[in-house]
**Student:** 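A single structure is presented below for examination.
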Amino acid sequence: MASKSSARLAALTVAAVCSVTSTVVLTSPAHADSVRVHDIQGSTRLSPYAGKQVTDVAGIVTGVRGYGSSRGFWIQDPRPDADPATSEGVFVFTGSTPKGVAVGDAVTVSGTVSEYVPGGTSSGNQSLTEITRPTFTVVSSGNEVPAATTVSARSVPCAYAPEGDEAANGSVNGLTLRPEKYALDLYESLEGMNVRVADARVVGASDPYTELWVTVKPWENANRRGGTVYGSYDSQNTGRLQIQSLGKPADFPDANVGDTLAGTTSGPLDYNQYGGYTMVASEIGTLESGGLERESTRRQSGRELAVATYNVENLDPSDGTFAAHAEAIVHNLASPDIVSLEEIQDNNGATDDGTVAADATVGKLIDAIVAAGGPRYDWRGIDPANGEDGGQPGGNIRQAFLFNPERVSFTDRGAGDATTATGVTKVRGKAALTHSPGRVDPANAAWEDSRKPLAGEFAFRGRTVVVVANHFNSKGGDQGLTAQYQPPARGSETQRHAQAKVVNTFVKDVLATQKNADVVVLGDINDFEFSTTTRLLEDDGVLWSAVKSLPESERYSYVYQGNSQVLDQILVSPSIRWGGRLSYDSVHVNAEFHDQISDHDPQVLRFRP
């Protein structure tokens, strides 16, 4: 290795010298015993040189990042070793915009090898090997950049990640990389290197942070709209890769799911807090539209009750999305009879001044629906106690019911408040709520810093329907799929499991009072249809998630890191499941589009009570 390094550097012509610190810069070629990039990277996720000084590490600059909190440049050794587990690229962290260095420069770098964990060690993320506090010498310029390694369906293994070492609390950091067997090992073996994808299909739309997701395995758990479905904890979809821009944000394409980045997209492979392995693209393929269009569901018949759930993403009166939400409700959802809204903020949004009422927020939406040609909905809700329901500070998000009074009526009965629980009683032989609208067990510890369920009693064609609107605890804080711990921990589930048990118990009380009661439990459950959370909601057969009436490839309401997945659900009691000619639709109007007005797709259930 030493002789190879010396021979390579002897052939280079010294053209320039620059430094990013006040340290005296070495101007001579690297010494014969210089460490190579692949020595620094090693064959595990952690560098054997972590915490140590290295001198005159040689490489060609493949990319320069002069923005954000992680500024620096990537170098790659043009003379790789024979070990596929060792990366030939590494990031040089300068802390400020690098000066005097450009793509194609041959450089030697001295500094400290560090393992940086994006998001901090508590995130569980893998670390990124870097050279920090660097000094560097430009030895020559205009060199050919090492050819990009192609990431393709043929090169990415089917298995996602090795199981972590039990002795290391499930970490994979100490395991020797096996890039031929595990996708995450392959990506780690390419960390810092110049990589490319060709004709890659978009599976996660562009977002304001100039990033999108593609797949190099277009058939992998594909749905008819071009996405990749996350259908179990074992189908992580290994072909997904995040793409960010190394250039100007204005040059980044506005892509929807199903579009294609035709031709070559290439750049250094990074690892970041929000998505793990990420190509920071200096070259982006030509965007070819997949022709994706927003869906519209059919209108309910006169005998069908249509119930929907729609997360409107922190809606407050200052937002400019009311008309677009109204269009979605009227034209894409065909004006459902009952709409459970999630993330309705109070009348002044994120201003944290004690305001909790949301009549202005809901009223503005109702007016927009009328302007869009829809019915004048009535509504019911319960204001939360200030700051007690989580979400954006000051926003006081909550669920609210819209209902079309021309089609359904609401049974007002002893309206509850933020802290009063609704119960179940019997009225003329039928189950009834003691408070309608009311909250389900709001004092239960399961709802700490989380939204409390809103229950209401509706009447349709002489039949009572109990509806429970939910917004369960978010997945915030869970370890990502690319975490160093495999399988990753999903700590947020603990609270959702407790919440599911509370709601399930409430439904059992309703059905114990009236066996054939029609109960609909719906909302942003923040968990998958195959999750333990859903199984706990369904416990003892009192509920069934109706999204499971769809083919597996059509089950999704949300796109996260290129995985199309279920978070929003409508669950029904046995009388509806078996007797109501049930029709379910996940109406894809938001999650797959770069110009989404919410990150959730609404769900609609039609049945005959």
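Everything numeric in this text was worked out from a predicted model, so none of it was measured. Only this structure's heavy atoms are used, side chains among them; waters, hydrogens and symmetry mates stay out.
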**Student:** Is the backbone of Pro488 close enough, under 3.5 Å, to the side chain of Gln479 for a donor and an acceptor to pair up by distance?
**Tutor:** no
**Student:** For Leu550, is there any backbone N or O sitting under 3.5 Å from a side-chain donor or acceptor partner on Arg555?
**Tutor:**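 Yes.
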**Student:** Are any of the side-chain nitrogens in Asp595 or Arg294 under 4.0 Å away from the carboxylate oxygens of its partner?
**Tutor:** yes
**Student:** Do Asp478 and Ser492 meet the criterion of a side-chain donor-acceptor pair at a distance under 3.5 Å?
**Tutor:**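 Yes, a side-chain donor-acceptor pair sits under 3.5 Å.
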**Student:** Does Arg451 count as lying over the ring of Phe472, i.e. NZ or CZ under 6.0 Å from the six-ring centre, within 45 degrees of the axis?
**Tutor:**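 Negative - Arg451 is either too far from the ring of Phe472 or too far off its axis.
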**Student:** Got a salt bridge between Asp518 and Arg463, using NZ or NE/NH1/NH2 to carboxylate O under 4.0 Å?
**Tutor:** yes
**Student:** Verify whether one side chain among Gln399 and Asn470 offers a donor that lies under 3.5 Å from an acceptor in the other.
**Tutor:**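 The criterion, which ignores hydrogens and geometry beyond distance, is not satisfied for Asn470 and Gln399.
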**Student:** Any chance the side chains of Asn526 and Asn473 put a donor and an acceptor closer than 3.5 Å?
**Tutor:**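 No - no donor-acceptor pair under 3.5 Å links their side chains.
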**Student:** Working note: Trp213 + Val257, criterion side chain to side chain contact (heavy atoms under 4.5 Å, CB included); need CA distance, chi angles, decisive distance, verdict.
**Tutor:** CA-CA 9 Å; Trp213 288 77; Val257 169; over 6 Å; no
**Student:** Taking side chain as C-beta onward, heavy atoms only, is Leu481 less than 4.5 Å from Arg240?
**Tutor:** yes
**Student:** Using side-chain heavy atoms (C-beta onward) and a distance below 4.5 Å, is Asn221 in contact with Ser553?
**Tutor:** no
**Student:** Are Glu554 and Arg224 packed together at the side-chain level, in the sense that at least one heavy-atom pair is separated by less than 4.5 angstrom?
**Tutor:** yes
**Student:** Going through the distances and angles, do Leu567 and His600 end up as a side chain to side chain contact (heavy atoms under 4.5 Å, CB included)?
**Tutor:** CA-CA 8 Å; Leu567 291 187; His600 292 253; 4.2 Å; yes
**Student:** Look only at the side chain of Gln486 and the backbone of Ala483, and say whether a donor-acceptor pair between them is shorter than 3.5 Å.
**Tutor:**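 Pair found, side chain donor or acceptor close to backbone of Ala483.
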**Student:** Can Glu457 and Thr464 be counted as having a side-chain donor-acceptor contact under 3.5 angstrom?
**Tutor:**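 Checked: Glu457/Thr464 side chains show no N/O donor-acceptor pair below 3.5 Å.
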**Student:** Kindly indicate whether the side chain of Lys508, heavy atoms from C-beta on, has any atom under 4.5 Å from the side chain of Asp539.
**Tutor:** yes
**Student:** Looking at Ala358, is its backbone amide N or carbonyl O close enough to the side chain of Asp346 to form a donor-acceptor pair, meaning the two atoms are under 3.5 Å apart?
**Tutor:** no
**Student:** Using modelled atom types only, decide if a donor and an acceptor are shared between the side chain of Glu211 and the backbone of Ser206 within a distance under 3.5 Å.
**Tutor:** no
**Student:** Can Thr532 and Glu493 be counted as having a side-chain donor-acceptor contact under 3.5 angstrom?
**Tutor:** no
**Student:** For the residue pair Gln514 and Asn516, confirm or rule out a side-chain donor-acceptor distance under 3.5 Å.
**Tutor:**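 Yes, side-chain donor-acceptor contact under 3.5 Å.
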**Student:** Show your working on side-chain hydrogen bond (donor to acceptor under 3.5 Å, both in side chains) between Thr355 and Asn348 and close with a plain yes or no.
**Tutor:** CA-CA 7 Å; Thr355 298; Asn348 62 11; 3.3 Å; yes
**Student:** Might you confirm whether atom CD of Glu313 has over 12 heavy atoms from other residues, nucleotides or ligands at distances under 6.0 Å?
**Tutor:**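 Count over threshold, so yes.
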**Student:** I'd like a table of donor-acceptor pairs (distance under 3.5 Å, sequence neighbours excluded) in which one partner is a side-chain atom from residues 364-374, with atom names and distances.
**Tutor:**
unit_1	atom_1	unit_2	atom_2	d
Lys364	NZ	Pro317	O	2.7
Asp367	OD1	Arg376	NH1	3.0
Asp367	OD1	Arg376	NH2	3.4

**Student:** Scan side-chain atoms only and decide if Glu529 and Thr534 contain a donor-acceptor pair under the 3.5 Å cut-off.
**Tutor:**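 There is no such pair between these side chains.
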**Student:** Could you go through Arg407 and Ser335, starting from their C-alpha distance and side-chain angles, then the distance that decides it, and tell me whether this counts as side-chain hydrogen bond (donor to acceptor under 3.5 Å, both in side chains)?
**Tutor:** CA-CA 11 Å; Arg407 293 266 300 167; Ser335 300; over 6 Å; no
**Student:** Please find out if less than 6.0 Å separates the ring center of Phe401 from that of Phe458.
**Tutor:** yes
**Student:** Going by distance alone, is a donor N or O of one side chain under 3.5 Å from an acceptor N or O of the other, for Asp316 and Ser318?
**Tutor:** yes
**Student:** Do the side-chain N and O atoms of Tyr271 and Thr482 include a donor-acceptor pair separated by under 3.5 angstrom?
**Tutor:**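 Short answer, yes.
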**Student:** Other residues, nucleotides and ligands only: do more than 12 of their heavy atoms fall within 6.0 Å of CD on Glu406?
**Tutor:**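 It does not: Glu406 CD has 12 such atoms or fewer within range.
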**Student:** Is Glu448 atom CD crowded by more than 12 heavy atoms from other residues, nucleotides or ligands, each under 6.0 Å away?
**Tutor:** no
**Student:** Is there a donor-acceptor pair under 3.5 Å between the side chain of Trp544 and the backbone N or O of Leu571?
**Tutor:**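 Here the side-chain-to-backbone pair does not exist.
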**Student:** Take atom OH in Tyr233; do more than 12 heavy atoms of anything else shown fall under 6.0 Å from it?
**Tutor:**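 Yes, enclosed.
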**Student:** Are the side chain of Ser235 and the backbone of Gly231 linked by a donor-acceptor contact shorter than 3.5 Å?
**Tutor:**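 Yes; at least one donor-acceptor contact below 3.5 Å.
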**Student:** Ser531 and Arg496: side-chain donor and acceptor closer than 3.5 Å?
**Tutor:** no
**Student:** Under the 3.5 angstrom rule, does the side chain of Arg201 hit a backbone N or O of Pro218 as a donor-acceptor pair?
**Tutor:** yes
**Student:** What verdict does the side chain to side chain contact (heavy atoms under 4.5 Å, CB included) test give for Val502 and Trp447, after you've listed the backbone C-alpha separation in whole Å, the side-chain angles of each residue and the deciding distance to 0.1 Å?
**Tutor:** CA-CA 10 Å; Val502 172; Trp447 311 113; 3.8 Å; yes
**Student:** Start with the C-alpha gap between Asn590 and Asp599, add the side-chain angles, then the distance that decides, and say whether side-chain hydrogen bond (donor to acceptor under 3.5 Å, both in side chains) holds.
**Tutor:** CA-CA 6 Å; Asn590 286 320; Asp599 47 0; over 6 Å; no
**Student:** Please state whether the rings of Phe530 and Phe528 are parallel, tilted or perpendicular, taking 30° and 60° as the class boundaries.
**Tutor:**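 Rings of Phe530 and Phe528: parallel, as their planes differ by under 30°.
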**Student:** Before you tell me yes or no, could you show the steps for Thr309 and Gln603 under side-chain hydrogen bond (donor to acceptor under 3.5 Å, both in side chains), namely the whole-Å CA-CA distance, both residues' side-chain angles and the distance that decides it to 0.1 Å?
**Tutor:** CA-CA 5 Å; Thr309 176; Gln603 313 292 291; over 6 Å; no
**Student:** Does Lys452 reach the main-chain N or O of Ser450 with its side chain, forming a donor-acceptor pair under 3.5 Å?
**Tutor:**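 Side chain of Lys452 to backbone of Ser450, a donor-acceptor pair under 3.5 Å: yes, one is there.
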**Student:** Answer yes or no: is there a donor N or O on one side and an acceptor on the other, between the side chain of Arg413 and the main chain of Leu433, under 3.5 Å?
**Tutor:** yes
**Student:** Taking side chain as C-beta onward, heavy atoms only, is Leu402 less than 4.5 Å from Leu341?
**Tutor:**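 Touching, per the 4.5 Å side-chain cut-off.
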**Student:** Going by atom types only, do Gln345 and Thr361 share a side-chain donor-acceptor pair under 3.5 Å?
**Tutor:**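 No, Thr361 and Gln345 have no side-chain donor paired with an acceptor closer than 3.5 Å.
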**Student:** Carefully, step by step, assess Ile576 and Val520 under the rule side chain to side chain contact (heavy atoms under 4.5 Å, CB included).
**Tutor:** CA-CA 8 Å; Ile576 298 174; Val520 177; 3.7 Å; yes
**Student:** Compute whether any side-chain donor of one residue and acceptor of the other, for Ser557 and Asp601, lie under 3.5 angstrom apart.
**Tutor:**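 There is no such pair (donor and acceptor under 3.5 Å, judged by atom type) between the side chains of Ser557 and Asp601.
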**Student:** Can you check whether Tyr556 and His588 have ring centres sitting under 6.0 Å from each other?
**Tutor:** yes
**Student:** With respect to His594, which candidate in Asp207, Asp259, Asn256 satisfies the side chain to side chain donor-acceptor pair (under 3.5 Å) definition?
**Tutor:**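 Passing option: Asn256.
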